[in-house]
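First comes the structure, then the notes that go with it.
From a predicted model like this one, the values you see are computed outputs, not experimental measurements. Here is how names work: the chains are called A, B, and so on, in the same order as the sequence lines, proteins then strands, and each is numbered from 1.
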2 protein chains.
Amino acid sequence: MKIGALARKTGTTAETIRYYERTGLLEEPPRTAGNYRDYGPTELARLRFIRRARDLGFTMAEVRQLLSLSDDPSQSCEAVDSIASLHLREVDRKLGDLRKLRTELRHMVDDCQHGAVGECRIIEVLSG
Amino acid sequence: MKIGALARKTGTTAETIRYYERTGLLEEPPRTAGNYRDYGPTELARLRFIRRARDLGFTMAEVRQLLSLSDDPSQSCEAVDSIASLHLREVDRKLGDLRKLRTELRHMVDDCQHGAVGECRIIEVLSG
DNA sequence: CTTGACCTTGTAGCCACTACAAGGTGCATA
DNA sequence: TATGCACCTTGTAGTGGCTACAAGGTCAAG
């Protein structure tokens with residue numbers, strides 16, 4: 001499988017895959033006679049893992065840890081749990097921030113009387 | 001007022017203020033005899049405006065537009081309203097995404113039996 | 001007259017990509 | 001066989017919004 005096909009199968013782009021390789025998240029695959037990257041099912045599975053974790057908002061550093069933990073299936077999953085729980089707390093925090101922010105924005109927009117900028121509530125709020 | 005004092009009054013840092021100046025968000029202030037930036041109440045108000053808008057999640061580009069709109073108080077505030085409403089919709093979208101993500105993470109973490117990595121639900125979910 | 005807090009410029013780094021440019025490969029069609 | 005075109009290669013630079021230095025200048029207090 002060439003890089004474009006792998007990209008399509010994983011909802012990524014060739015650029016992103018090469019970027020993951022550069023940064024060590026993916027290993028260098030074998031090459032075809034024409035020097036094209038040649039991927040198999042192992043790399044596909046690994047990239048899918050990476051994409052799922054990224055879509056769930058894990059950072060590249062966390063993904064790296066999760067990958068290396070998943071490579072050793074006999075050890076305790078305490079570390080995995082701790083990474084995921086920490087991330088969950090982080091997401092909760094962001095949700096709280098975003099909800100507060102939304103309320104403020106909502107008020108601002110609702111109070112706007114659509115008149116002149118000089119009396120615009122939005123500008124007033126921002127100006128303090 | 002020197003840059004450090006302005007930073008303290010606005011909850012920023014001197015580096016950020018200089019960055020805003022570099023990128024044209026703030027104008028170059030006058031200088032003291034010793035070549036220090038010398039800020040007055042106008043710059044303080046402008047920086048406060050910028051910080052409030054940034055804290056509400058507006059991008060630098062949006063802040064730039066809001067600033068130039070607020071400079072002309074006689075025109076209609078339609079454009080201001082449209083920037084704010086668009087941003088509000090964007091925030092709503094992000095909130096939705098984050099809520100979905102939280103649910104998935106929550107399930108993952110809840111299902112983890114804290115055993116071996118080989119049976120870890122978190123790793124299973126990520127592996128597909 | 002030295003200490004130390006503050007300031008100056010300039011450059012590089014962060015994250016996670018994304019966007020080129022300039023050229024090579026491989027396959028279908030005329 | 002030639003040509004066109006999609007795809008691939010490497011390398012470099014840019015995005016947003018800062019943040020972190022390094023190497024040096026300024027200024028008030030002790």
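- The phosphate of dT10(D) has OP1 or OP2 within less than 4.0 Å of a side-chain N or O from Arg31(A).
- Residue Thr59(B) is the one, among Thr59(B) and Thr32(B), whose nearest nucleotide of DNA chain D lies closer to the 5' end (criterion: closest heavy atom).
- Rounded to an integer number of Å, the gap from CD1 of Ile17(B) to P of dC18(D) is 12 Å.
- One atom, OH of Tyr19(A), and another, P of dT18(C), lie 10 Å apart when rounded to the nearest Å.
- Atom C1' of nucleotide dG16(D) and atom CD1 of Ile50(B) are separated by 16 Å, given to the nearest angstrom.
- Counting heavy atoms of neighbouring residues, nucleotides and ligands inside a 6.0 Å radius, atom CD of Glu124(A) exceeds 12 of them.
- Arg8(B) comes within contact range of no nucleotide atom at all, as no heavy-atom separation falls under 4.0 Å.
- Atoms CD (Glu15(A)) and P (dT9(D)) sit 11 Å apart, rounded to a whole Å.
- Put simply, Thr13(B) has no side-chain N or O that comes within less than 4.0 Å of OP1 or OP2 on dC18(D).
- In this structure, Thr23(B) reaches neither bases nor backbone, as no heavy-atom distance under 4.0 Å exists between it and the strands shown.
- The distance from atom CG of Leu26(A) to atom C1' of dA16(C) is 14 Å, rounded to the nearest whole Å.
- Phosphate contact (OP1/OP2 of dC15(C), side-chain N/O of Arg54(A), threshold under 4.0 Å): absent.
- Residues Ile83(B) and Leu69(B) have side chains in contact (heavy-atom distance under 4.5 Å, counting atoms from C-beta outward).
- Under 3.5 Å, the side chains of Ser82(B) and Ser85(B) contain no donor-acceptor pair of N or O atoms.
- Look at Arg64(A) and you won't find any side-chain N or O under 4.0 angstrom from OP1 or OP2 of dC15(C).
- Arg46(A) and Tyr39(A) share no side-chain donor-acceptor pair at under 3.5 Å.
- As rounded to whole Å, 8 Å separates atom P of dC27(D) from atom NZ of Lys2(B).
- For Tyr20(B) and dC18(D), the shortest distance from a side-chain N or O to OP1 or OP2 is below 4.0 Å.
- To the nearest 0.5 angstrom, Glu43(A) atom CD is 8.5 Å from Asp38(A) atom CG.
- dG17(D) atom C1' lies 10 Å from atom CZ of Arg51(B), rounded to whole Å.
- Where Ala33(B) and Asn35(A) meet DNA chain D, the nucleotide closest to each residue was compared, and Asn35(A) sits on the side nearer the 5' end.
- Dashed line: the shortest gap from a side-chain N or O of Arg18(B) to OP1 or OP2 of dG17(D) is not under 4.0 Å.
- With distances taken from any side-chain atom of Arg37(B) to the nucleotides dA16(C), dT18(C), dT9(C), the minimum falls on dT9(C).
- Between Tyr36(A) and Ala14(B), the residue anchored nearer the 5' end of DNA chain C, judged by the nucleotide with its closest heavy atom, is Ala14(B).
- The distance from atom CZ of Arg22(B) to atom C1' of dA12(C) is 11 Å, rounded to the nearest whole Å.
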